[in-house]
J.: 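Take a look at this one; I'll ask things after.
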Protein chains: 2
Amino acid sequence: MSEPRWLTADEQRTWRAYLAATKVVSERLDRQLQRDAGMPTAYYEILVALSEADGGELRMSELAAFTRSSRSRLSHAIARLEQNGWVTRRSCPTDKRGAFATLTEAGLATLVSAAPGHVGEVRAALLDALTANQVRHLGEIMATVGEHASAGCPAASCDDD
Amino acid sequence: MSEPRWLTADEQRTWRAYLAATKVVSERLDRQLQRDAGMPTAYYEILVALSEADGGELRMSELAAFTRSSRSRLSHAIARLEQNGWVTRRSCPTDKRGAFATLTEAGLATLVSAAPGHVGEVRAALLDALTANQVRHLGEIMATVGEHASAGCPAASCDDD
DNA sequence: TACGCATAGTTGAGCTTTCAATATCAGCGG
DNA sequence: CCGCTGATATTGAAAGCTCAACTATGCGTA
């Protein structure tokens, strides 16, 4: 804590712009999905992950890994999604501790009908503001940050609990 | 909804990297602040905004604008911060509807002691991963996104209620 | 003055997330 | 086979956020 090495002017500007922009973008996406599809972004991402999985189902652990979510959060979320009829649970035959989450027809239908509006909002909130070069740059930067932050992080790899 | 104009490969990569990176970064910051300072990031930002204001106080509306928060969220947050002894409320003499939020000594002390750890985590999670050029680029891109998204947004400018 | 409407801020209910248990089961060494 | 350790998943309570009222006040206008 001695000499905390403060932020330079460039860093300060970047950090504040980052904070502001990410907040606005995520709020827009949340609002759009909640309004048009009746679910928060986190649940949409769960449905996407399931829809891209073999047979539309995944083990809870894998699903948690894909969505970078804690097991606890996922459990609650799946409970809610099950209640909505978008997902069902299936216990794993080979490992009695395990459970699969399976996308239902209704869940897939909801996802399909929600996707265009969501993609539209992603464009409107983020991509449309940028040139093709900026999109590529942002992708590289974010990929770097993602790898770096996950690697050097004490709490992101080793989940909760 | 006809022809939703899907994402290109570049856009898809960028979007997914963006989602992953922003999620990891915000989780790291949240955890660090919660662990070391006993408050979520949103509350820390409120304290920062107050500490930078004249006399350490701001009208609720202005504070909401600075922190890009809804009035409702801010009300709840200030109630909590007041309960912690970090902020006090003062009713506005010239407009009896209005209220000021004022940073207390204890609040400032908490902020000062939390700041180095927070800055360290900002570096560790985001800045250290990037070259100086990338930091500058990211700043420009995020500034663009912030302006664009706030401008063309139906729900970000006109707050809640 | 009285009416109407907009503004500032608060409140309560419902929902999601987090954190700390808890229960169940797999794998392994004795 | 028994017991131990670690992994899988769930649960309940507490906290924060969102949404929709609601209160109280300012302000323009007839």
Side-chain angles (χ1 to χ4, degrees), chain A residues 23 26-35 37-46 57-65 67-84 87-102 155-161, chain B residues 23 26-35 37-46 57-65 67-84 87-101 155-156 158-161:
Chain A
K23 179 175 286 189
S26 74
E27 272 175 9
R28 286 193 58 165
L29 292 173
D30 268 340
R31 258 179 230 286
Q32 187 273 326
L33 272 177
Q34 191 68 57
R35 175 168 44 81
M39 74 181 103
T41 305
Y43 291 6
Y44 182 85
E45 287 172 357
I46 291 175
E57 69 178 7
L58 281 172
R59 283 288 290 271
M60 293 297 281
S61 299
E62 300 179 278
L63 190 48
T67 59
R68 296 168 200 83
S69 156
S70 76
R71 301 178 197 284
S72 174
R73 171 161 64 181
L74 187 61
S75 253
H76 287 294
I78 292 294
R80 191 77 175 82
L81 291 174
E82 196 170 22
Q83 192 178 324
N84 288 18
V87 158
T88 56
R89 279 182 227 248
R90 196 169 68 80
S91 64
C92 177
T94 68
D95 186 339
K96 288 179 186 170
R97 294 168 303 179
F100 287 97
T102 311
S157 42
C158 44
D159 242 315
D160 70 334
D161 314 42
Chain B
K23 179 175 287 188
S26 74
E27 272 175 8
R28 286 193 58 165
L29 292 173
D30 269 340
R31 257 180 230 285
Q32 186 274 326
L33 271 177
Q34 190 70 56
R35 175 168 45 81
M39 74 181 104
T41 305
Y43 292 7
Y44 182 85
E45 288 173 356
I46 291 175
E57 69 179 7
L58 281 172
R59 282 287 290 271
M60 293 296 282
S61 299
E62 300 180 278
L63 190 47
T67 59
R68 295 169 200 82
S69 157
S70 75
R71 303 177 198 283
S72 174
R73 172 160 66 183
L74 186 61
S75 250
H76 287 294
I78 293 294
R80 191 77 175 80
L81 291 174
E82 196 169 21
Q83 193 178 326
N84 288 19
V87 159
T88 56
R89 280 183 226 247
R90 194 169 70 80
S91 64
C92 177
T94 68
D95 185 341
K96 288 179 185 170
R97 295 168 302 178
F100 286 96
C158 45
D159 241 315
D160 70 334
D161 314 41

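Within every chain, numbering begins at 1; the chains are lettered A, B, ... in the order of the sequence lines, protein sequences first and strands thereafter.
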J.: Starting at CG of Leu74(A) and ending at P of dT10(D), how long is that distance when rounded to a whole Å?
T.: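 It works out to 8 Å between those atoms.
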
J.: What's the shortest heavy-atom distance between Lys23(A) and Ser26(A), and which atoms?
T.: O-OG, 3.2 Å

J.: Sequence neighbours excluded, which residues qualify as side-chain contact (heavy atoms from CB on, under 4.5 Å) partners of Ala37(B)?
T.: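 Expected list: Leu33(B), Met39(B), Ala114(B).
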
J.: Please enumerate all protein N or O atoms sitting under 3.5 Å from an N or O of nucleotides 16-18 of chain C, with distances to 0.1 Å.
T.:
{"unit_1": "dT16(C)", "atom_1": "OP2", "unit_2": "Arg80(A)", "atom_2": "NE", "d": "2.7"}
{"unit_1": "dT16(C)", "atom_1": "O5'", "unit_2": "Tyr43(A)", "atom_2": "OH", "d": "3.4"}
{"unit_1": "dT18(C)", "atom_1": "OP2", "unit_2": "Arg73(A)", "atom_2": "NE", "d": "3.4"}
{"unit_1": "dT18(C)", "atom_1": "OP2", "unit_2": "Arg73(A)", "atom_2": "NH1", "d": "3.4"}
{"unit_1": "dT18(C)", "atom_1": "O4", "unit_2": "His76(A)", "atom_2": "NE2", "d": "3.2"}

J.: Rounded to whole Å, please give me the gap between CZ in Arg90(B) and P in dG9(C).
T.: 12 Å

J.: Between P on dA9(D) and CD on Glu82(A), what's the gap in Å once rounded to a whole number?
T.: 14 Å

J.: Where do Ser61(B) and Arg71(B) come nearest, in terms of heavy atoms and distance?
T.: OG-NH1, 3.2 Å

J.: With sequence neighbours left out, write down each residue that passes salt bridge (charged side-chain N to carboxylate O under 4.0 Å, His left out) with Glu82(B), or none if nothing qualifies.
T.: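 Arg89(B).
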
J.: I'd like to know if Glu45(B) and Arg73(B) make a salt bridge, using a cut-off of under 4.0 Å between side-chain N and carboxylate O.
T.: no

J.: Can you find a pair of side-chain heavy atoms, one from Arg80(B) and one from Gln83(B), that are under 4.5 Å apart?
T.: yes

J.: Round to the nearest Å and state the distance from Leu63(A) atom CG to dT10(D) atom P.
T.: 11 Å

J.: To the nearest 0.5 Å, what is the distance between CD on Glu57(A) and CG on Leu63(A)?
T.: 11.0 Å

J.: Can you list everything that forms a side-chain contact (heavy atoms from CB on, under 4.5 Å) with Arg59(A)? Sequence neighbours excluded, please.
T.: Glu62(A), Cys92(A), Asp95(A), Phe100(A)

J.: Tell me every residue that passes ring pair (Phe, Tyr, Trp, His ring centres under 6.0 Å) with Tyr44(B), counting only those two or more places apart in sequence or in another chain.
T.: His118(B)

J.: Of the listed nucleotides (dT10(C), dT10(D), dG9(C)), which one gets closest to any side-chain atom of Arg89(B)?
T.: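 The answer is dT10(C), which lies nearest to the side chain.
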
J.: Would you kindly give the CG-to-P distance between Asp30(B) and dC17(D), to the nearest whole Å?
T.: 9 Å

J.: Nearest whole Å is fine: how far is dA20(D) P from Arg35(A) CZ?
T.: 12 Å

J.: Detail all sub-3.5 Å separations between protein N/O atoms and N/O atoms belonging to nucleotides 24-26 of chain D.
T.:
{"unit_1": "dT25(D)", "atom_1": "O2", "unit_2": "Arg97(B)", "atom_2": "NH1", "d": "3.4"}
{"unit_1": "dG26(D)", "atom_1": "OP1", "unit_2": "Lys96(B)", "atom_2": "N", "d": "3.0"}

J.: Please tell me if Arg71(A) has a side-chain N or O lying less than 4.0 Å from either OP1 or OP2 of dT11(D).
T.: no

J.: Figure out the CD1/P separation between Ile78(A) and dT8(D), and round it to whole Å.
T.: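 Going from Ile78(A) (CD1) to dT8(D) (P), I get 16 Å.
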
